[in-house]
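Every chain is numbered from 1, with letters handed out A, B, ... down the list of sequences.
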There are 2 protein chains.
Amino acid sequence: MPPFPDESSHHLKRLTDGLKRAGVKLTHQRLEVCRELAGVTDHPDVEAVFHGVRARVPTISLDTVYRALALLADLGLIGRVGALQGRMRFDPNMTPHHHFVCARCGAMHDFTSAAVDQIPIPDDAHAFGHVHAMQVEIRGLCRRCQFGQES
Amino acid sequence: MPPFPDESSHHLKRLTDGLKRAGVKLTHQRLEVCRELAGVTDHPDVEAVFHGVRARVPTISLDTVYRALALLADLGLIGRVGALQGRMRFDPNMTPHHHFVCARCGAMHDFTSAAVDQIPIPDDAHAFGHVHAMQVEIRGLCRRCQFGQES
DNA sequence: ATTTAATTAGTAAAGATTACTATCTAGGAA
DNA sequence: TTCCTAGATAGTAATCTTTACTAATTAAAT
Ligand SMILES: [Mn+2]
Ligand SMILES: [Mn+2]
Ligand SMILES: [Zn+2]
Ligand SMILES: [Zn+2]
(Lines give C-alpha, C1' and ligand atoms only; values in the text may rest on other atoms or scores of the structure.)
(Ligands and ions follow the chains in the order given, each with its own letter.)
Protein backbone atom coordinates (compact mmCIF):
# COMPACT_ATOMS: atom_id res chain seq x y z
CA MET A 1 0.00 0.00 0.00
CA PRO A 2 1.54 3.35 -1.03
CA PRO A 3 1.88 6.08 1.63
CA PHE A 4 -0.61 8.25 -0.23
CA PRO A 5 -3.39 6.81 -2.31
CA ASP A 6 -2.79 7.80 -5.90
CA GLU A 7 -5.19 9.88 -7.90
CA SER A 8 -6.70 6.87 -9.57
CA SER A 9 -7.65 5.07 -6.36
CA HIS A 10 -9.12 8.27 -5.00
CA HIS A 11 -11.44 8.42 -7.96
CA LEU A 12 -12.19 4.74 -7.71
CA LYS A 13 -13.16 5.08 -4.06
CA ARG A 14 -15.41 8.02 -4.85
CA LEU A 15 -17.24 6.01 -7.48
CA THR A 16 -17.60 2.78 -5.52
CA ASP A 17 -18.63 4.64 -2.37
CA GLY A 18 -21.26 6.40 -4.42
CA LEU A 19 -22.64 3.10 -5.65
CA LYS A 20 -22.72 1.66 -2.13
CA ARG A 21 -24.44 4.76 -0.83
CA ALA A 22 -27.04 4.41 -3.58
CA GLY A 23 -27.83 0.90 -2.36
CA VAL A 24 -27.20 -0.85 -5.65
CA LYS A 25 -25.24 -4.05 -6.04
CA LEU A 26 -21.51 -3.56 -6.43
CA THR A 27 -21.03 -6.13 -9.15
CA HIS A 28 -17.74 -7.19 -10.68
CA GLN A 29 -18.77 -5.52 -13.93
CA ARG A 30 -19.66 -2.20 -12.31
CA LEU A 31 -16.44 -2.27 -10.31
CA GLU A 32 -14.39 -2.71 -13.46
CA VAL A 33 -16.25 0.08 -15.23
CA CYS A 34 -15.44 2.33 -12.27
CA ARG A 35 -11.82 1.18 -12.37
CA GLU A 36 -11.66 2.05 -16.05
CA LEU A 37 -13.15 5.50 -15.48
CA ALA A 38 -10.83 6.16 -12.57
CA GLY A 39 -7.82 5.47 -14.76
CA VAL A 40 -8.56 7.84 -17.62
CA THR A 41 -8.22 11.60 -17.89
CA ASP A 42 -10.17 12.18 -21.08
CA HIS A 43 -13.84 11.94 -22.07
CA PRO A 44 -14.45 8.39 -23.22
CA ASP A 45 -17.49 7.18 -25.10
CA VAL A 46 -19.22 3.89 -24.35
CA GLU A 47 -17.13 2.02 -26.89
CA ALA A 48 -13.89 3.20 -25.29
CA VAL A 49 -14.98 2.10 -21.83
CA PHE A 50 -16.22 -1.19 -23.25
CA HIS A 51 -12.87 -1.89 -24.88
CA GLY A 52 -10.92 -0.98 -21.78
CA VAL A 53 -13.00 -3.11 -19.47
CA ARG A 54 -13.19 -6.06 -21.86
CA ALA A 55 -9.41 -6.42 -21.64
CA ARG A 56 -9.94 -7.47 -18.02
CA VAL A 57 -13.48 -8.89 -18.24
CA PRO A 58 -13.70 -10.51 -21.68
CA THR A 59 -17.32 -11.58 -21.29
CA ILE A 60 -18.79 -8.23 -20.33
CA SER A 61 -21.55 -7.09 -22.66
CA LEU A 62 -21.87 -3.71 -24.29
CA ASP A 63 -25.30 -3.28 -22.78
CA THR A 64 -23.89 -3.68 -19.30
CA VAL A 65 -21.42 -0.88 -19.95
CA TYR A 66 -24.23 1.32 -21.23
CA ARG A 67 -26.25 0.61 -18.10
CA ALA A 68 -23.32 1.08 -15.72
CA LEU A 69 -22.44 4.45 -17.26
CA ALA A 70 -26.06 5.60 -17.25
CA LEU A 71 -26.33 4.59 -13.61
CA LEU A 72 -23.18 6.47 -12.62
CA ALA A 73 -24.34 9.53 -14.54
CA ASP A 74 -27.84 9.43 -13.06
CA LEU A 75 -26.30 9.24 -9.59
CA GLY A 76 -24.20 12.29 -10.41
CA LEU A 77 -20.94 10.38 -9.97
CA ILE A 78 -19.79 11.10 -13.51
CA GLY A 79 -20.83 13.71 -16.03
CA ARG A 80 -22.41 13.48 -19.43
CA VAL A 81 -20.96 15.61 -22.15
CA GLY A 82 -23.01 16.52 -25.20
CA ALA A 83 -21.53 15.08 -28.36
CA LEU A 84 -21.45 17.21 -31.49
CA GLN A 85 -20.77 14.19 -33.64
CA GLY A 86 -21.98 10.68 -33.03
CA ARG A 87 -21.61 9.04 -29.69
CA MET A 88 -22.43 10.18 -26.20
CA ARG A 89 -19.37 10.78 -24.05
CA PHE A 90 -18.76 10.79 -20.32
CA ASP A 91 -16.61 12.83 -17.99
CA PRO A 92 -15.15 11.08 -14.93
CA ASN A 93 -13.78 14.39 -13.69
CA MET A 94 -16.40 15.91 -11.40
CA THR A 95 -14.28 18.80 -10.14
CA PRO A 96 -15.45 22.13 -11.56
CA HIS A 97 -13.82 22.72 -14.90
CA HIS A 98 -14.50 23.76 -18.48
CA HIS A 99 -13.95 22.41 -21.97
CA PHE A 100 -12.19 23.23 -25.17
CA VAL A 101 -13.88 21.32 -27.99
CA CYS A 102 -12.51 20.94 -31.50
CA ALA A 103 -15.28 21.59 -34.02
CA ARG A 104 -13.63 19.27 -36.54
CA CYS A 105 -12.43 16.15 -34.72
CA GLY A 106 -14.35 16.47 -31.48
CA ALA A 107 -11.24 16.39 -29.28
CA MET A 108 -12.09 17.72 -25.84
CA HIS A 109 -9.67 19.23 -23.35
CA ASP A 110 -10.23 20.32 -19.76
CA PHE A 111 -9.22 23.66 -18.36
CA THR A 112 -9.97 25.63 -15.22
CA SER A 113 -10.63 29.34 -14.89
CA ALA A 114 -11.10 31.22 -11.66
CA ALA A 115 -12.29 34.22 -13.65
CA VAL A 116 -15.11 32.22 -15.15
CA ASP A 117 -16.04 30.52 -11.90
CA GLN A 118 -16.42 33.88 -10.16
CA ILE A 119 -19.12 35.08 -12.52
CA PRO A 120 -22.51 35.06 -10.85
CA ILE A 121 -25.19 33.02 -12.55
CA PRO A 122 -27.15 35.47 -14.73
CA ASP A 123 -30.61 36.24 -13.40
CA ASP A 124 -32.18 35.34 -16.71
CA ALA A 125 -31.05 31.76 -16.18
CA HIS A 126 -32.82 31.41 -12.84
CA ALA A 127 -36.09 32.24 -14.52
CA PHE A 128 -35.90 29.04 -16.55
CA GLY A 129 -35.66 26.71 -13.56
CA HIS A 130 -33.34 25.39 -10.88
CA VAL A 131 -29.69 25.92 -11.80
CA HIS A 132 -27.35 23.06 -11.10
CA ALA A 133 -24.06 24.10 -12.67
CA MET A 134 -22.55 26.52 -15.12
CA GLN A 135 -19.92 25.43 -17.57
CA VAL A 136 -18.04 27.13 -20.37
CA GLU A 137 -17.52 25.49 -23.71
CA ILE A 138 -14.94 26.94 -26.03
CA ARG A 139 -15.30 25.92 -29.67
CA GLY A 140 -12.31 26.01 -31.92
CA LEU A 141 -9.82 24.00 -33.91
CA CYS A 142 -7.31 21.86 -32.06
CA ARG A 143 -3.64 21.99 -33.04
CA ARG A 144 -3.84 18.77 -35.03
CA CYS A 145 -6.77 20.04 -37.11
CA GLN A 146 -5.34 23.54 -37.46
CA PHE A 147 -2.57 22.17 -39.66
CA GLY A 148 -4.12 20.29 -42.54
CA GLN A 149 -3.86 16.83 -41.08
CA GLU A 150 -6.45 14.64 -42.75
CA SER A 151 -6.51 12.01 -40.01
CA MET B 1 -43.66 44.82 -48.92
CA PRO B 2 -43.71 45.94 -45.27
CA PRO B 3 -41.79 49.12 -44.35
CA PHE B 4 -39.34 47.07 -42.28
CA PRO B 5 -38.53 43.48 -43.07
CA ASP B 6 -39.63 41.34 -40.17
CA GLU B 7 -37.26 39.28 -38.10
CA SER B 8 -38.02 36.11 -39.98
CA SER B 9 -37.20 37.49 -43.42
CA HIS B 10 -34.00 38.98 -42.05
CA HIS B 11 -32.92 35.53 -40.98
CA LEU B 12 -34.03 34.03 -44.25
CA LYS B 13 -32.00 36.54 -46.23
CA ARG B 14 -28.93 35.84 -44.13
CA LEU B 15 -29.24 32.12 -44.81
CA THR B 16 -29.98 32.33 -48.53
CA ASP B 17 -27.28 34.95 -49.06
CA GLY B 18 -24.86 32.65 -47.31
CA LEU B 19 -25.74 29.81 -49.65
CA LYS B 20 -25.37 32.03 -52.72
CA ARG B 21 -22.02 33.29 -51.46
CA ALA B 22 -20.88 29.69 -51.01
CA GLY B 23 -21.64 29.01 -54.66
CA VAL B 24 -23.99 26.09 -54.07
CA LYS B 25 -27.30 25.62 -55.81
CA LEU B 26 -30.20 27.37 -54.15
CA THR B 27 -32.68 24.56 -54.58
CA HIS B 28 -36.34 24.63 -53.67
CA GLN B 29 -35.62 22.15 -50.87
CA ARG B 30 -32.77 24.18 -49.38
CA LEU B 31 -34.83 27.34 -49.61
CA GLU B 32 -37.67 25.73 -47.66
CA VAL B 33 -35.27 24.40 -45.02
CA CYS B 34 -33.94 27.94 -44.62
CA ARG B 35 -37.48 29.29 -44.44
CA GLU B 36 -38.27 26.78 -41.71
CA LEU B 37 -35.18 27.71 -39.72
CA ALA B 38 -35.88 31.42 -40.13
CA GLY B 39 -39.33 30.99 -38.66
CA VAL B 40 -38.31 29.20 -35.51
CA THR B 41 -36.89 30.46 -32.21
CA ASP B 42 -35.96 27.20 -30.55
CA HIS B 43 -33.37 24.50 -31.26
CA PRO B 44 -34.97 22.00 -33.62
CA ASP B 45 -33.64 18.57 -34.42
CA VAL B 46 -33.65 17.09 -37.91
CA GLU B 47 -37.04 15.48 -37.42
CA ALA B 48 -38.61 18.79 -36.43
CA VAL B 49 -37.25 20.57 -39.48
CA PHE B 50 -38.30 17.64 -41.66
CA HIS B 51 -41.86 17.78 -40.38
CA GLY B 52 -42.06 21.53 -40.77
CA VAL B 53 -40.76 21.54 -44.31
CA ARG B 54 -42.76 18.51 -45.40
CA ALA B 55 -45.97 20.45 -44.73
CA ARG B 56 -44.99 22.67 -47.65
CA VAL B 57 -42.88 20.23 -49.69
CA PRO B 58 -44.52 16.83 -49.18
CA THR B 59 -41.97 14.92 -51.25
CA ILE B 60 -38.81 16.15 -49.54
CA SER B 61 -36.70 13.34 -48.18
CA LEU B 62 -35.24 13.10 -44.70
CA ASP B 63 -31.77 12.71 -46.18
CA THR B 64 -32.10 16.01 -47.98
CA VAL B 65 -32.92 17.75 -44.72
CA TYR B 66 -29.91 16.11 -43.08
CA ARG B 67 -27.68 17.31 -45.91
CA ALA B 68 -29.14 20.81 -45.98
CA LEU B 69 -28.65 21.26 -42.25
CA ALA B 70 -25.12 19.86 -42.38
CA LEU B 71 -24.32 22.23 -45.22
CA LEU B 72 -25.66 25.25 -43.38
CA ALA B 73 -23.77 24.27 -40.25
CA ASP B 74 -20.52 23.63 -42.13
CA LEU B 75 -20.84 27.07 -43.74
CA GLY B 76 -21.28 28.57 -40.29
CA LEU B 77 -24.77 29.87 -41.09
CA ILE B 78 -26.40 27.94 -38.27
CA GLY B 79 -24.99 26.37 -35.13
CA ARG B 80 -24.80 22.81 -33.92
CA VAL B 81 -25.76 22.17 -30.35
CA GLY B 82 -24.53 19.06 -28.59
CA ALA B 83 -27.34 16.74 -27.67
CA LEU B 84 -27.30 15.09 -24.25
CA GLN B 85 -30.01 12.67 -25.29
CA GLY B 86 -30.54 11.26 -28.71
CA ARG B 87 -30.73 13.56 -31.65
CA MET B 88 -28.49 16.30 -32.85
CA ARG B 89 -30.02 19.75 -32.66
CA PHE B 90 -29.41 22.98 -34.52
CA ASP B 91 -29.45 26.62 -33.57
CA PRO B 92 -30.62 29.14 -36.20
CA ASN B 93 -29.71 32.00 -33.85
CA MET B 94 -26.16 33.03 -34.64
CA THR B 95 -26.07 36.12 -32.46
CA PRO B 96 -23.84 35.63 -29.40
CA HIS B 97 -25.86 34.01 -26.66
CA HIS B 98 -25.84 31.22 -24.09
CA HIS B 99 -27.99 28.27 -23.10
CA PHE B 100 -29.94 26.92 -20.20
CA VAL B 101 -30.35 23.16 -20.67
CA CYS B 102 -32.68 20.95 -18.67
CA ALA B 103 -30.83 17.82 -17.60
CA ARG B 104 -34.05 15.82 -17.59
CA CYS B 105 -36.09 16.75 -20.67
CA GLY B 106 -33.42 18.47 -22.75
CA ALA B 107 -35.35 21.72 -23.09
CA MET B 108 -33.01 24.48 -24.15
CA HIS B 109 -33.48 28.21 -23.61
CA ASP B 110 -31.41 31.13 -24.85
CA PHE B 111 -30.15 33.93 -22.69
CA THR B 112 -27.63 36.73 -23.07
CA SER B 113 -25.13 37.98 -20.54
CA ALA B 114 -22.87 40.97 -20.97
CA ALA B 115 -20.93 39.88 -17.86
CA VAL B 116 -20.11 36.56 -19.44
CA ASP B 117 -19.28 38.04 -22.83
CA GLN B 118 -16.76 40.41 -21.27
CA ILE B 119 -14.64 37.64 -19.79
CA PRO B 120 -11.40 37.23 -21.72
CA ILE B 121 -10.73 33.80 -23.17
CA PRO B 122 -8.54 31.98 -20.62
CA ASP B 123 -4.95 31.57 -21.75
CA ASP B 124 -5.11 27.84 -21.10
CA ALA B 125 -7.67 27.54 -23.88
CA HIS B 126 -5.43 29.15 -26.48
CA ALA B 127 -2.84 26.48 -25.87
CA PHE B 128 -5.22 23.84 -27.22
CA GLY B 129 -5.71 25.50 -30.61
CA HIS B 130 -7.47 28.30 -32.42
CA VAL B 131 -10.43 29.61 -30.45
CA HIS B 132 -13.57 30.35 -32.40
CA ALA B 133 -16.19 31.13 -29.79
CA MET B 134 -16.93 30.81 -26.11
CA GLN B 135 -20.32 29.80 -24.87
CA VAL B 136 -21.81 29.15 -21.46
CA GLU B 137 -24.05 26.20 -20.79
CA ILE B 138 -26.09 26.18 -17.62
CA ARG B 139 -27.36 22.78 -16.56
CA GLY B 140 -30.40 22.55 -14.40
CA LEU B 141 -34.03 21.51 -14.15
CA CYS B 142 -36.61 23.46 -16.11
CA ARG B 143 -39.80 24.57 -14.39
CA ARG B 144 -41.85 21.78 -15.90
CA CYS B 145 -39.43 19.12 -14.64
CA GLN B 146 -38.94 20.80 -11.28
CA PHE B 147 -42.53 19.99 -10.35
CA GLY B 148 -43.03 16.25 -10.72
CA GLN B 149 -44.58 16.32 -14.17
CA GLU B 150 -44.09 12.89 -15.74
CA SER B 151 -44.62 14.08 -19.30
C1' DA C 1 -26.06 -22.50 3.05
C1' DT C 2 -30.42 -20.60 1.43
C1' DT C 3 -33.12 -17.24 -0.61
C1' DT C 4 -34.35 -13.58 -3.58
C1' DA C 5 -34.44 -9.54 -6.01
C1' DA C 6 -31.18 -7.18 -8.70
C1' DT C 7 -28.08 -7.70 -12.45
C1' DT C 8 -25.99 -9.64 -16.49
C1' DA C 9 -24.98 -11.94 -21.28
C1' DG C 10 -26.53 -12.50 -25.46
C1' DT C 11 -29.36 -11.09 -28.75
C1' DA C 12 -33.08 -8.60 -30.88
C1' DA C 13 -35.24 -4.36 -31.73
C1' DA C 14 -35.48 0.44 -32.21
C1' DG C 15 -33.71 4.85 -33.35
C1' DA C 16 -30.48 8.01 -35.69
C1' DT C 17 -27.39 8.96 -39.33
C1' DT C 18 -25.02 8.06 -43.58
C1' DA C 19 -24.43 5.86 -48.15
C1' DC C 20 -26.02 4.67 -52.69
C1' DT C 21 -27.93 5.34 -57.36
C1' DA C 22 -31.11 6.46 -60.83
C1' DT C 23 -33.45 10.60 -61.75
C1' DC C 24 -34.04 15.46 -61.74
C1' DT C 25 -32.96 20.43 -61.79
C1' DA C 26 -30.59 25.10 -60.91
C1' DG C 27 -27.99 27.92 -63.23
C1' DG C 28 -24.78 29.01 -66.81
C1' DA C 29 -23.84 29.04 -71.95
C1' DA C 30 -25.34 29.35 -76.51
C1' DT D 1 -35.47 30.70 -74.70
C1' DT D 2 -33.44 26.31 -75.15
C1' DC D 3 -29.74 23.25 -74.15
C1' DC D 4 -26.35 21.31 -71.23
C1' DT D 5 -24.25 19.48 -67.20
C1' DA D 6 -22.42 19.41 -62.63
C1' DG D 7 -24.58 19.18 -58.63
C1' DA D 8 -28.70 17.92 -55.88
C1' DT D 9 -32.67 15.02 -54.66
C1' DA D 10 -35.93 10.92 -53.70
C1' DG D 11 -36.27 6.64 -52.24
C1' DT D 12 -34.22 3.15 -50.13
C1' DA D 13 -30.60 0.41 -48.10
C1' DA D 14 -26.95 0.10 -45.01
C1' DT D 15 -24.53 1.44 -40.99
C1' DC D 16 -24.01 3.05 -36.54
C1' DT D 17 -25.77 3.97 -31.81
C1' DT D 18 -28.74 3.02 -28.14
C1' DT D 19 -32.41 0.57 -25.82
C1' DA D 20 -35.33 -3.53 -24.84
C1' DC D 21 -36.01 -8.35 -23.77
C1' DT D 22 -35.35 -12.80 -21.28
C1' DA D 23 -33.26 -16.79 -19.37
C1' DA D 24 -29.43 -17.43 -16.43
C1' DT D 25 -26.42 -15.62 -12.89
C1' DT D 26 -25.11 -13.48 -8.62
C1' DA D 27 -24.56 -9.92 -4.66
C1' DA D 28 -25.87 -9.63 -0.37
C1' DA D 29 -29.06 -10.26 3.24
C1' DT D 30 -30.89 -13.92 6.24
MN1 LIG E 1 -13.93 17.35 -18.63
MN1 LIG F 1 -29.57 29.10 -28.89
ZN1 LIG G 1 -9.34 18.60 -33.93
ZN1 LIG H 1 -37.13 19.80 -18.26
Side-chain angles (χ1 to χ4, degrees), chain A residues 15-36 43-51 53-75 77-78 80-90 104-106, chain B residues 15-36 43-51 53-75 77-78 80-90 104-106:
Chain A
L15 294 174
T16 55
D17 282 358
L19 289 178
K20 283 177 200 161
R21 198 149 18 88
V24 301
K25 288 186 179 176
L26 188 50
T27 64
H28 179 47
Q29 290 87 343
R30 282 174 178 165
L31 180 62
E32 289 301 327
V33 167
C34 290
R35 215 188 289 281
E36 182 69 21
H43 307 84
D45 58 20
V46 176
E47 197 69 18
V49 175
F50 179 55
H51 268 82
V53 172
R54 198 165 53 168
R56 279 166 282 137
V57 188
T59 62
I60 196 171
S61 77
L62 182 60
D63 181 51
T64 295
V65 176
Y66 266 101
R67 279 182 289 99
L69 290 171
L71 174 65
L72 289 167
D74 287 347
L75 292 173
L77 299 172
I78 63 175
R80 290 184 212 264
V81 50
L84 292 180
Q85 53 243 47
R87 338 201 218 303
M88 163 76 66
R89 290 164 71 173
F90 295 88
R104 185 170 171 278
C105 74
Chain B
L15 295 174
T16 55
D17 282 358
L19 289 177
K20 283 176 199 161
R21 196 147 21 85
V24 300
K25 289 186 179 176
L26 188 49
T27 64
H28 179 47
Q29 289 87 342
R30 282 175 178 164
L31 180 62
E32 289 302 327
V33 167
C34 291
R35 216 188 288 281
E36 183 67 23
H43 305 85
D45 58 19
V46 177
E47 197 71 19
V49 175
F50 179 55
H51 268 82
V53 172
R54 199 164 51 167
R56 277 167 283 136
V57 188
T59 62
I60 196 170
S61 77
L62 182 59
D63 181 51
T64 295
V65 176
Y66 266 101
R67 279 182 290 99
L69 291 172
L71 174 65
L72 290 167
D74 288 345
L75 292 175
L77 299 172
I78 62 175
R80 290 184 214 265
V81 51
L84 291 180
Q85 53 244 45
R87 338 201 218 302
M88 164 74 70
R89 290 163 71 173
F90 295 87
R104 185 171 170 278
C105 73

> Of all the nucleotides listed (C:dG27, D:dT18, C:dT7), which has the minimum atom distance to the side chain of B:Lys25?
Replying inline: C:dG27

> Taking the nucleotide of DNA chain C with the closest heavy atom to each, which residue, B:His28 or B:Val46, is nearer the 5' end?
Replying inline: B:Val46

>> If I take atom OG1 from residue A:Thr27 and atom CD from residue A:Glu32, how far apart are they, to the nearest 0.5 angstrom?
In response: 10.0 Å

> How far does CE of A:Met88 sit from NE2 of A:His43, to the nearest 0.5 angstrom?
Replying inline: 13.5 Å

>> Please determine whether a side-chain nitrogen or oxygen atom of A:Gln29 lies at a distance below 4.0 Å from atom OP1 or OP2 of D:dT25.
In response: no

> Would B:Asp74 and B:Arg80 count as a salt bridge (charged side-chain N to carboxylate O under 4.0 Å, His left out) if you check the C-alpha gap in whole Å, the side-chain angles of each, and the deciding distance to 0.1 Å?
Replying inline: CA-CA 9 Å; B:Asp74 288 345; B:Arg80 290 184 214 265; 2.6 Å; yes

>> Would you say A:Thr27 places a side-chain N or O within less than 4.0 Å of OP1 or OP2 belonging to C:dT8?
In response: yes

> Roughly, in whole Å, what's the span from CG in B:Leu84 to P in D:dT18?
Replying inline: 12 Å

> Which value, rounded to the nearest 0.5 Å, describes the distance between A:His28 atom NE2 and A:Ile60 atom CD1?
Replying inline: 8.0 Å

>> For the CG atom of A:Leu69 and the CZ atom of A:Arg30, what is their distance to the nearest 0.5 Å?
In response: 11.5 Å

>> What is the distance, to the nearest angstrom, from the CG atom on B:Leu31 to the C1' atom on C:dG27?
In response: 15 Å

> Any donor and acceptor pair, going by atom type alone, linking the side chain of A:Arg89 with main-chain N or O of A:Gly82 inside 3.5 Å?
Replying inline: no

> What's the CE-P distance between A:Met88 and C:dG15, to the nearest Å?
Replying inline: 17 Å

> Near DNA chain D, under 4.0 Å by heavy atom, which residues of residues 62-72 of chain B?
Replying inline: B:Asp63, B:Thr64, B:Arg67

> What's the closest nucleotide to the A:Ser61 side chain, out of D:dT9, C:dG10, D:dA10?
Replying inline: C:dG10

> Roughly how many Å is it from CZ in B:Arg89 to C1' in C:dT17, rounded to a whole number?
Replying inline: 17 Å

> Whole-Å distance between C:dT25 P and B:Arg30 CZ?
Replying inline: 15 Å

